[in-house]
Protein chains: 2
Amino acid sequence: MAMISQKAKYALRALIALARAPQSEPLVISDIARVHRIPKKFLEQILLDLKRQGLLTSKRGKGGGYVLLRPADKITYGEVLRIVDGPIAPLPCLSITAYRKCADCLDETNCETRQVFAHVADATRKVLDQTTIADAVAMPRHELLAS
Amino acid sequence: MAMISQKAKYALRALIALARAPQSEPLVISDIARVHRIPKKFLEQILLDLKRQGLLTSKRGKGGGYVLLRPADKITYGEVLRIVDGPIAPLPCLSITAYRKCADCLDETNCETRQVFAHVADATRKVLDQTTIADAVAMPRHELLAS
DNA sequence: GCCAACCCGATAGGATTTGTCAACTATACC
DNA sequence: GGTATAGTTGACAAATCCTATCGGGTTGGC
Ligand code: FES
Ligand code: FES
């Protein structure tokens, strides 16, 4: 089940890159795309989404680019995933941000599937809503032991 | 992200129905489909998959049907999901049953995304591999208070 | 004015999901 | 043996989503 989309991977990778940029110096799409192996036009869309949701700001023209609008430790994985991949819950009836009744279950309170996956959703959210981009930036970098 | 498929919902619902059948009396596809609102032909495929993986057995002809091959408390949600929806891990590089290198990450040990979602995967598996069909069957049934 | 860079809408190919169909095979029962 | 029952098989179709690309438009710096 439950694969995270390529789009989400790209989004997170780009955000980490932005968080690493010294002094919130603006980064250009082309650079991020090239350095982090992300299709450029695809990345444009992604960054635009993130901007529209208030995570980023941008400057046009020469010397322009993208900058984080908040400190990296205030941007959670959960937030990013909800923007690019939609609700985190594994069932529409379990989403807190976008609840929708399950079409094929008529008795929601007695639905066993719902009860079990409520635990899954909780566990997932506990991780994703507490991990931030700053955590990712701070992660230990293992050396690649050559030869 | 991460929606659980309709197929998985159907599979679980059918298994719970089978676990509820008295004395492992065989249940017929048509009945399960009708009672639990599952498209019949779709359900056939699903039960066949579950049979091929050794969860069920079947008998043909009159008086036939499907029967659980193991006690319900020996069938985990994780097992079922892996059969119908494939790997549980949210990234190919995190699957224990079907590991595959991520095509676009060249340095797996330093991949921040991977490290974060490893926690998600752990949390998910902790729930899914410990919850069984028997747990679902035993769930409290709330009355629908009809006025 | 002109180049750099972001912004926007459309769209296309492919994969996946969900479901259907027709025909086949095995079993029970008379 | 015939007939009805019920599972088995493989192909296939519609819808949706994912990934990515294209062509142009707009803004800002110099
Ligand atoms: S009500 Fe959402 S799964 Fe049953
Ligand atoms: S290696 Fe799997 S996500 Fe980076």
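Throughout, a chain's letter reflects where its sequence line sits, starting with A, and its residues are numbered from 1.
In this structure, CG of B:Asp85 is placed 7 Å from P of C:dT17, rounded to the nearest angstrom. Rounded to a whole Å, the CE atom of B:Met3 is 13 Å from the P atom of C:dT17. The distance from atom CD1 of B:Ile4 to atom C1' of C:dT18 is 15 Å, rounded to the nearest whole Å.
Remark: A:Ser58 is not in phosphate contact with C:dA5, judged by side-chain N or O atoms under 4.0 Å from OP1 or OP2.
Residue B:Thr113 holds its OG1 atom at 5.0 Å from CD1 of A:Ile16, rounded to the nearest 0.5 Å. Atom CZ of A:Arg100 sits about 13.5 Å away from atom CG of A:Leu94, to the nearest 0.5 Å.
With respect to the salt-bridge test (charged N to carboxylate O, under 4.0 angstrom), the residues A:Arg82 and A:Asp129 qualify.
Residue contacts shown for A:Ile46 are absent, as no nucleic acid heavy atom lies under 4.0 Å away. Across all strands shown, A:Leu47 has no heavy atoms under 4.0 Å from either base or sugar-phosphate atoms.
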Completion exercise
5' to 3', nucleotides 20-30 of chain D under a 4.0 Å protein heavy-atom cut-off (B base, S sugar-phosphate only, - none) gives BBBBBBBBBS-

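Side-chain contact between A:Phe42 and A:Lys7 is present, with heavy atoms from C-beta onward closer than 4.5 Å.
Annotation: B:Arg20, atom CZ; neighbour count of heavy atoms from other residues, nucleotides and ligands within 6.0 Å is above 12.
For B:Tyr10, the side-chain hydrogen bond (donor to acceptor under 3.5 Å, both in side chains) partners are B:Gln6, not counting sequence neighbours.
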